[in-house]
Every structure is written in C-alpha cells, then in structure tokens.
> 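What follows is a structure written as structure tokens; I'll ask about it next.
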Amino acid sequence: MTTLTKRSRRTEAPTSTESRGQEEEEEQKSRATDEEEDGDSKALRLTLMEEILLLGLKDKEGYTSFWNDCISSGLRGAMLVELALRGRIQLQPQSMRRRKLSERRVVLKSDAPTGDVLLDETLKHIKNTEPVETVASWIDLLTGETWNPLKMYFQLPQVRERLAKSLVEKGVLTTGKQNFVLFDMTTHPLVNEKEKERLLQRLQASLLDRWTNEPHRLPRRTLALLVLAHGSDVLERSLTSLPDDRYEIASRRAKDMLEGDFEQQSAKVTTPAEEVIWAVLAALNRG
C-alpha cells in the first residue's frame, strides 16, 4: 500500500431478538447520521465494499488499476467493518492483561442474516470457525492468502465482479467488454456520475470542511470509509480533483490520522464497531 505523497504544484454469546433489534436500530442511526452529514438522505444506500470498489474503478474504463495490489484485502476488510457496524461481530473484550489490536480475535455477536450475500457468506465462516481468528487472519483467509490448504475454502471468489454486478443493479455502473489483445475482459464503466461525485465529496469533506482533530468524533461510516480507502490504496486518487492547497491539507490530515498510533486511537472508541475499524486499519497497514 502506498502512502499519501505531497503533490508538486501543477503547471461472543448469542443475542436475543430484542438485542438484535437494538443492533439494527443502531445501524439505522449510524446510516441516518451519515446521510444527514451528506445533506442527501435520498442517496443510494451502498455498502462499504461497494463504495471502495466505486472509488477504485476507473470511470470510463470500468476496471481497477492493474497496479493496485491492496484493494482485494481492502474489500475483505470492508466486509468485516460492515458486519461490525451491523452488530454481527466484535473483537474479544479486553482483559486485565491488555492485548494489542492485532492480538484480539473476532467473535460472533449475532448470526442474524444481513440480506447481503457476501456479508452472509463471511458471517457463516466466522460462526463456524473454531478457534476464533484475528482480524488480520480473516482478511488473509477471505482473500485466499494462506499457506494452509485446509483453509482455502474460506476464500471468497469473484468479489469484485459480484460487487460490480450489484452496482449495475443499483444503476451506478453498466456492463461492457474490452479487448486486451490476449483476452477479453468484462468491464463496468460508470453511468451514475452523481453518485460517484457524492461519494467523493463526502470523503473529501471529512478531511476539509467537516474535519475534526478527533477521529472518534467522525460518523462511524465516514471514519470507516477513510480507513478502508487508505487501506485499499484509493484514498490519494480520491483527492486528486482538489486544488493543490486543499489537496495538501487533506493529505496531511489523512496521513496524521491513518498512519499514526492505532492503539491510542482505539483506546478512545465508544462502540465495539469502532474497535473493529481500527483493527482493520492495523491489519491493512501491516506491509
């Protein structure tokens, strides 16, 4: 994963039904908060995975950069964060002997289906796995980056294509084909420019007009979007439309927040979902 660079000047326990209802209500409040911040409650409801893919896709070409080797891990991290925001998973609680984010394991909070196929596949793996795994291990397993042949079945296949098809169904992308001499590739060019622009403005505003020096004061889905965009190596690309002076301000703030002390930030969280967000960032920043 590349870091933001300065740009030269242009020339565990089962939950009850009541508890599940509270989790869904909490997620609805989280989404409502972000919609209020965006000023557009009628915007499409995209998952974090769809938002990260949308940020990574080239608008006209309809595919992600061949040089981006981080987005696959970033999309799996987005699944874990989305499950945490929906009240399905959390990290093991801290004990007297405080453990680092990288050492705390993911535990099931609720096995209620989410209605999203990719999320429910991931939730099923987490539910049926003993002993429990860390966030970093789950990202590797879901990506297929494991040396253990007995764990290869954890890999989620064709994640980008499945997410792209979902965005096609929502009217954000379309489907096409492009010839690369040796092979043809299915592409998904952008057709809903307004939705992409809304997403970019939301991300940029969180580092500029709506900036706060305390990340825990950001809406959780906005914090998650920043973390995942950085971990997927699509954040810098999302800031390139800014004028030079605002680009440098946004880049500096993003670097200070996202390349700082994750343990210190996680100590300030107020919800289990925020702990998962910082644990995912720590995992994606390993390399």
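Quick caveat: nothing in here was measured; it's all calculated off a predicted structure.
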> Can a donor-acceptor pair be found between the side chains of E161 and H188 at a distance below 3.5 Å?
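H188 and E161 do have a side-chain donor-acceptor pair below 3.5 Å.
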> Between K127 and D111, does a salt bridge (charged side-chain N to carboxylate O under 4.0 Å, His left out) hold up when you go through it step by step?
CA-CA 7 Å; K127 177 183 177 181; D111 62 357; 3.1 Å; yes
> Considering all heavy atoms of both residues, which atom of L284 and which atom of G231 are nearest to each other, and what is their separation?
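Looking at all heavy atoms of both residues, the closest pair is CD1-CA, 3.8 Å.
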> Which atoms form the tightest heavy-atom contact between V280 and L228, and what is the distance?
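Reported closest heavy-atom pair: CG1-CD2, 3.9 Å.
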> How many angstroms lie between atom CG of N148 and atom CG of L141, to the nearest 0.5 angstrom?
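Going from CG on N148 over to CG on L141, the span is 8.5 Å.
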> Run T146 and M152 through side-chain contact (heavy atoms from CB on, under 4.5 Å) and show every step you take.
CA-CA 7 Å; T146 175; M152 288 299 295; 3.6 Å; yes
> Rounded to the nearest 0.5 Å, what separates atom OG in S166 from atom CG in L173?
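Answer rounded to 0.5 Å: 9.5 Å.
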> Check whether the side chains of E236 and T240 place a donor and an acceptor atom closer than 3.5 Å, and report yes or no.
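The criterion, which ignores hydrogens and geometry beyond distance, is not satisfied for T240 and E236.
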> Is it true that R88 and D120 have a side-chain N and a carboxylate O under 4.0 angstrom from each other?
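So R88 does not pair with D120 through a salt bridge.
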> Do side-chain atoms of R210 reach the backbone of A205 as a donor and acceptor pair under 3.5 angstrom?
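No, R210 side chain to A205 backbone: no donor-acceptor pair under 3.5 Å.
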> Grouping I, L, V, M, F, W and Y whenever their side-chain heavy atoms are under 4.5 Å apart, do V117 and L156 come out in a common cluster?
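No; L156 is not reachable from V117 via cluster members.
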> Would you mind checking if K170 and E195 are paired as a salt bridge, meaning a charged N to carboxylate O distance below 4.0 Å?
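No.
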> Please tell me whether S241 and Q204 have a donor and an acceptor in their side chains that are separated by less than 3.5 angstrom.
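Yes - a donor-acceptor pair under 3.5 Å links their side chains.
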> When you check the side-chain N and O atoms of T64 and R160, is any donor under 3.5 Å from an acceptor?
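Their side chains do contain a donor-acceptor pair, which is all the 3.5 Å distance test asks for.
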> With distance as the sole test, does S206 use its side chain to make a donor-acceptor pair with the main-chain N or O of L203 at under 3.5 Å?
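Checked: pair present.
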> Mind checking the CG-CD spacing from L118 to Q158? Nearest 0.5 Å is all I need.
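With rounding to 0.5 Å, CG (L118) is 10.5 Å from CD (Q158).
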> Quickly, which of E169, E50, E121 forms a salt bridge (charged side-chain N to carboxylate O under 4.0 Å, His left out) with R162? Name it, please.
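The salt bridge (charged side-chain N to carboxylate O under 4.0 Å, His left out) with R162 is passed solely by E121 among E169, E50, E121.
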> Over all heavy atoms of both residues, which pair between L101 and A279 is shortest? Give the atoms and the distance, please.
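Heavy atoms only, the tightest pair is CD1-N, 4.0 Å.
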> Quick one: list whatever passes salt bridge (charged side-chain N to carboxylate O under 4.0 Å, His left out) with D140, sequence neighbours left out.
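With neighbours one apart ignored, the set is R286.
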> Do side-chain atoms of T114 reach the backbone of D116 as a donor and acceptor pair under 3.5 angstrom?
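A pair under 3.5 Å: yes.
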> Are the side chain of N285 and the backbone N or O of L258 linked by a donor-acceptor pair below 3.5 Å?
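Yes: the side chain of N285 pairs with the backbone of L258.
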> Please determine whether a side-chain nitrogen of the Lys or Arg among E193 and K196 lies less than 4.0 Å from a carboxylate oxygen of the Asp or Glu.
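Result for this pair is no, no salt bridge flagged.
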> Taking only Lys NZ, Arg NE, NH1 and NH2, and the carboxylate oxygens of Asp or Glu, determine whether K268 and E214 approach each other closer than 4.0 Å.
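Looking at K268 and E214, the cut-off is met.
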> What I want to check is whether the side chains of E274 and T271 have a donor and an acceptor closer together than 3.5 Å.
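Present: a donor and an acceptor within the cut-off.
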> Could you go through T143 and L75, starting from their C-alpha distance and side-chain angles, then the distance that decides it, and tell me whether this counts as side-chain contact (heavy atoms from CB on, under 4.5 Å)?
CA-CA 9 Å; T143 310; L75 290 173; over 6 Å; no
> So does R221 pair up with E51, basic N to acidic O under 4.0 Å?
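A salt bridge is absent here (no side-chain N lies under 4.0 Å from a carboxylate O).
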> Is the shortest distance from a Lys or Arg side-chain nitrogen in E103 or R98 to a carboxylate oxygen in the other one below 4.0 Å?
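Salt bridge flag = no for R98 with E103.
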> List the steps, then state whether salt bridge (charged side-chain N to carboxylate O under 4.0 Å, His left out) holds for E82 with R86.
CA-CA 6 Å; E82 189 73 57; R86 297 188 186 203; 3.1 Å; yes
> Could you walk me through whether R104 and Q94 pass the side-chain contact (heavy atoms from CB on, under 4.5 Å) test, one step at a time?
CA-CA 8 Å; R104 295 171 64 189; Q94 282 286 17; 3.6 Å; yes
> Between S110 (side chain only) and A112 (backbone N and O only), is there a donor and an acceptor less than 3.5 Å apart?
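Looks like yes, one N/O pair under 3.5 Å.
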